[in-house]
K.L.:
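There's a structure below that I have some questions on.
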Amino acid sequence: MTNTSRPVVLIAEKLAPSVLDALGDGVEVRHVDGTDRAALLEAVQDADALLVRSATQVNAEVFAATRKLKVVARAGVGLDNVEVPAATQNGVMVVNAPTSNIVSAAEHAVALLLAVARQIPAAHETLQNHEWKRSKFNGVELNGKTVGVVGLGKIGQLFAQRIAAFGVNLIAYDPYVSAARAAQLGIELVSLEELLERSDAISIHLPKTPETKGLIGAEQLAKAKRGVIIVNAARGGLIDEEALAEAVKEGQVGGAGVDVFSTEPTTESPLFNVPGIVVTPHLGASTAEAQDRAGTDVAKSVALALAGEFVPDAVNVQGGAVGEEVRPYLPLVQKLGTVLSALSPKAPTSVTVEVRGELSNEDVAVLPLAALRGVFSKVVESQVTFVNAPQLAEDLGVSVEVVKETESPNHRSLVTVRAVAADGTTNSVSGTVSGIAQVEKLVNINGRNFDLRAEGTVLLLEYPDRPGVMGTVGTLLGEAGVNIEAAQISQTGDDAVMVLRVDRPVDTQVLDPIGASVGARTVRSVDFG
Ligand SMILES: NC(=O)C1=CN([C@@H]2O[C@H](COP(=O)(O)OP(=O)(O)OC[C@H]3O[C@@H](n4cnc5c(N)ncnc54)[C@H](O)[C@@H]3O)[C@@H](O)[C@H]2O)C=CC1
Ligand SMILES: O=C(O)C(=O)COP(=O)(O)O
């Protein structure tokens, strides 16, 4: 029997079996062929999470078809098949598995380079055809040669470390890497032009971006050292395929190893059937180890994302890494924001998150996102997530700031969220996370002290103080079948605020008459869920 209340995880490409174990029974797993557009658009409607590799194009059309999608997880590195801005606009988190397959990809680049240098596939083929043609295959040695790495990121560095064992000189082109870092790795940083002129072999390890697409075309190949070997195990389209095929045919390029193509999947390419070019069908990440890691890494991220928690591998969430000390405050601060949205349901003009005490020593850049999720909970119809909260704030003209104070007289750490409305009205709510059990507590609302667990449903009544109000409210709630779990009153002069934690949500048809019967100025209900 299908349990429809479990989140639906839609797997759109072949992933390692480990992904299912890592996802566990808490989710319903469905499968679709991500390259079958119609099937994908249909299946994604009910998905809470979508898992892909490189073959599924996740663009605005896909996001438009979703109803409750929270996360797109790319079980691998490159995100050129996922339209991240469209995901952000829809409040959908995008995660990848940035280190899962980097060793496999680097090893594949080494394998391609050696296969080209020693013409292994072509020689293999002759023997398959029962021909012994030793004299046809004369390779080149790597020892003493100059190898150029284009893109000295994670995979580029792993490739460089491995190929260094062959006794080569290493140079690299990467305008975003410091010369000091390169020197640490024993690599000389040079311009692309110089790399082309000096390299006997070049391996490309760039992401595909508007800047890198077509980086190497006919002009660049013409500038390269005659007989250079070129390897591309990064992305199709970084090198012009026609130009590369021509350059190999003419002998300007000595050979090429290519794992990735501008259109995939493909069975046609100018790079096929050219002597000297070795091709593989995007196999860089296709090892047992890389696939296991990619599967388990994204499964962990999906579980966190579905639980509404912060995900370290998310690529479209501001705020950076979240420390152990900060993590328990994320749900609390969202709740403080939810109280503010109950006190003043319209979007404020500014939100300030004030962090006091021990927590102020931590990186708390993520806390405003949590606050905004709560503050906007009644303002916008669409889901408010860590992903789209900053964009919503910008769209609604809400300024956001964080203030830190080391002093906190009454609590180890205290967070206050303050919202100023367009008419200048200010509301503030403070909370803390208390004890080893990490109990989330509301400790101050608009300057009045309380001490109440921030959970379930909380009712707030502001009324002229007089005897018997508590009794009346309790009786009327009781008649409506609502049980009071905790109650506190704060009095100042003739004024009082009553805060009640009750055992179920209370709708306005019940609440408004209760407020009227005690002459309450305001009656609010906050559901923490
Ligand atoms: N064949 C396969 O199966 C696999 C392919 N890949 C591809 O490899 C790419 C690189 O992966 P990582 O090394 O993990 O990424 P990374 O982000 O660690 O490194 C990319 C490097 O490229 C550099 N870069 C960016 N724009 C540049 C430009 N215009 N000119 C020169 N350098 C530039 C960056 O500064 C960075 O150092 C991925 O984006 C993916 O497309 C990744 C895994 C497997
Ligand atoms: O991780 C990457 O960027 C890759 O290119 C691997 O792609 P794949 O997951 O094998 O479709």
Side-chain angles (χ1 to χ4, degrees), residues 11-16 19 34-35 51-58 72-82 84 94-113 148-162 171-179 181-182 185 187 189-196 202-216 220 231-239 257-262 264-266 279-295 297-298 313 315:
I11 298 182
E13 291 184 54
K14 176 130 183 67
L15 300 182
V19 77
T35 61
L51 269 61
V52 299
R53 284 175 62 180
S54 59
T56 307
Q57 298 304 316
V58 189
V72 173
R74 193 312 190 201
V77 176
L79 279 162
D80 44 300
N81 57 320
V82 180
V84 179
V94 177
V95 304
N96 66 351
T99 56
S100 57
N101 60 31
I102 54 176
V103 169
S104 290
E107 287 183 1
H108 197 67
V110 172
L112 283 173
L113 177 50
V149 180
V150 181
L152 196 57
K154 291 186 285 296
I155 299 172
Q157 291 182 24
L158 289 170
F159 170 82
Q161 284 168 346
R162 279 149 183 75
I171 59 176
Y173 167 65
D174 189 326
Y176 305 105
V177 165
S178 72
R181 172 70 188 133
L185 297 160
I187 302 170
L189 273 186
V190 296
S191 67
L192 180 58
E193 196 142 303
E194 189 176 342
L195 182 138
L196 291 165
I202 296 173
S203 192
I204 318 282
H205 298 286
L206 296 168
K208 188 172 181 179
T209 66
E211 196 187 45
T212 61
K213 201 173 159 201
L215 190 74
I216 304 209
Q220 287 71 27
V231 172
N232 181 11
R235 273 298 174 275
L238 298 172
I239 307 181
V258 182
D259 184 45
V260 282
F261 300 89
S262 49
E264 292 183 10
T266 185
V279 286
T280 48
H282 201 151
L283 294 181
S286 294
T287 63
E289 295 83 355
Q291 287 310 307
D292 257 1
R293 274 193 297 268
D297 288 357
V298 291
D313 284 341
V315 300

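Worth knowing before you read on, the calculation uses all heavy atoms, side chains too, and leaves out hydrogens, waters and symmetry mates. Numbering of ligands and ligand atoms starts at 1, following listing order.
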K.L.:
For Thr56 and Asn81, which heavy atoms make the closest approach, and how far apart are they?
P.N.:
O-ND2, 2.9 Å
K.L.:
Find the distance between OG (Ser203) and CG (Asn232) and round it off to the nearest 0.5 Å.
P.N.:
8.0 Å
K.L.:
Is it the side chain, the backbone, both or neither of His205 that has a heavy atom closer than 4.0 Å to ligand 1?
P.N.:
backbone
K.L.:
Give a yes-or-no answer on whether the side chains of Gln157 and Arg162 include a donor-acceptor pair shorter than 3.5 Å.
P.N.:
no
K.L.:
Closest by any non-hydrogen atom to atom 20 (C) of ligand 1: pick that one out of Gly78, Ser100, Ser104, Pro207.
P.N.:
Pro207
K.L.:
Considering only heavy atoms, which of Asp80, Val258, Asp174 lies nearest to atom 35 (O) of ligand 1?
P.N.:
Asp174
K.L.:
Working to the nearest 0.5 Å, report the span between CZ of Arg181 and CG of Leu152.
P.N.:
8.0 Å
K.L.:
Report, in ascending order of atom number, the atoms of ligand 1 lying under 4.0 Å from any heavy atom of Ala233.
P.N.:
1 (N), 2 (C), 4 (C), 5 (C)
K.L.:
Give yes or no for whether the N/O distance cutoff of 3.5 Å, strictly under, is met between Ala285 and ligand 1.
P.N.:
yes
K.L.:
The criterion is salt bridge (Lys or Arg N to Asp or Glu O under 4.0 Å); which residues satisfy it with Glu194, sequence neighbours excluded?
P.N.:
Arg198
K.L.:
Starting from atom 26 (N) of ligand 1, what is the nearest protein heavy atom, named by residue and atom, and what distance separates them?
P.N.:
Tyr176 CE1, 3.6 Å
K.L.:
Considering only heavy atoms of Leu152, which atoms of ligand 1 have at least one such atom less than 4.0 Å away?
P.N.:
37 (O)
K.L.:
Does Ile155 approach ligand 1 within less than 4.0 angstrom via side chain, backbone, both or neither, non-hydrogen atoms only?
P.N.:
both
K.L.:
How far is atom 31 (C) of ligand 1 from its nearest protein heavy atom, and which residue and atom is that?
P.N.:
Pro175 CD, 3.2 Å
K.L.:
Check for a donor-acceptor pair, side chain of Ser100 on one end and backbone N or O of Arg293 on the other, with a separation under 3.5 Å.
P.N.:
no
K.L.:
Could you work out, with salt bridge (Lys or Arg N to Asp or Glu O under 4.0 Å) as the rule, every residue matching Arg235, not counting sequence neighbours?
P.N.:
Asp80
K.L.:
Okay, side chain of Asp297, backbone of Ala97: is any donor-acceptor separation there less than 3.5 Å?
P.N.:
no
K.L.:
Where does Ala105 meet ligand 1, judged by heavy-atom distances below 4.0 Å: at the side chain, the backbone, both, or neither?
P.N.:
side chain
K.L.:
As an exercise, identify every atom of ligand 1 less than 4.0 angstrom from a heavy atom of Glu211.
P.N.:
26 (N), 28 (C), 29 (N)
K.L.:
Considering the heavy atoms of Thr212, write down every atom of ligand 1 situated less than 4.0 Å from one of them.
P.N.:
26 (N), 27 (C), 28 (C), 29 (N)
K.L.:
Check this for me - ligand 1, Leu215, N or O atoms closer than 3.5 angstrom, yes or no?
P.N.:
no
K.L.:
Have a look at Gly153, Ala106, Gly236, Ser54 and point out the one with the heavy atom closest to atom 21 (C) of ligand 1.
P.N.:
Gly153
K.L.:
Look at the side chain of Lys208 and the backbone N and O of Gly236, then say whether any donor-acceptor pair between them is shorter than 3.5 Å.
P.N.:
yes
K.L.:
Quick one: does ligand 1 sit under 4.0 Å from the side chain of Asn101, the backbone, both or neither, non-hydrogen atoms only?
P.N.:
side chain
K.L.:
Who are the ring-ring contact (aromatic ring centres under 6.0 Å, His included) partners of His205, not counting sequence neighbours?
P.N.:
Phe159
K.L.:
Does an N or O from Asp259, backbone or side chain, lie closer than 3.5 Å to an N or O of ligand 1?
P.N.:
yes
K.L.:
Strictly distance-based, threshold 3.5 Å: is any side-chain N or O of Glu13 a donor or acceptor partner for the main-chain N or O of Ala55?
P.N.:
yes
K.L.:
I want to confirm something. Looking only at heavy atoms, which of His282, His108, Arg53, Arg235 is nearest to atom 6 (N) of ligand 1?
P.N.:
Arg235
K.L.:
Considering non-hydrogen atoms only, spot the tightest contact between Phe261 and Thr280 and give its length.
P.N.:
CE1-O, 3.4 Å
K.L.:
Taking only heavy atoms of Lys154, which atoms of ligand 1 are found under 4.0 Å from at least one of them?
P.N.:
13 (O), 14 (O), 16 (P), 18 (O), 19 (O)
K.L.:
Please output the residues near ligand 2 using a strict heavy-atom distance under 4.0 Å, listed in chain and residue-number order.
P.N.:
Arg53, Ser54, Arg74, Ala75, Gly76, Val77, Gly78, Asn101, Arg235, His282, Ala285
K.L.:
Looking at CG of Asp313 and CG of Asn96, how far apart are the two atoms once the value is rounded to the nearest 0.5 Å?
P.N.:
6.5 Å
K.L.:
Pick whichever of Thr280, Val77, Leu206 has a heavy atom sitting closest to atom 9 (C) of ligand 1.
P.N.:
Leu206
K.L.:
Report, in ascending order of atom number, the atoms of ligand 1 lying under 4.0 Å from any heavy atom of Ile102.
P.N.:
14 (O)
K.L.:
Hey, does Ala234 sit under 4.0 Å from ligand 1 if you only count heavy atoms?
P.N.:
yes
K.L.:
If you round to the nearest 0.5 Å, how far is CG of Asn101 from CZ of Arg53?
P.N.:
8.5 Å
K.L.:
Can you tell me how far CD1 of Ile204 sits from CD1 of Ile239, rounded to the nearest 0.5 angstrom?
P.N.:
4.5 Å
K.L.:
For Val150, run the side-chain contact (heavy atoms from CB on, under 4.5 Å) check against Leu196, Asp174, Leu215, Leu238 and tell me which one passes.
P.N.:
Leu215
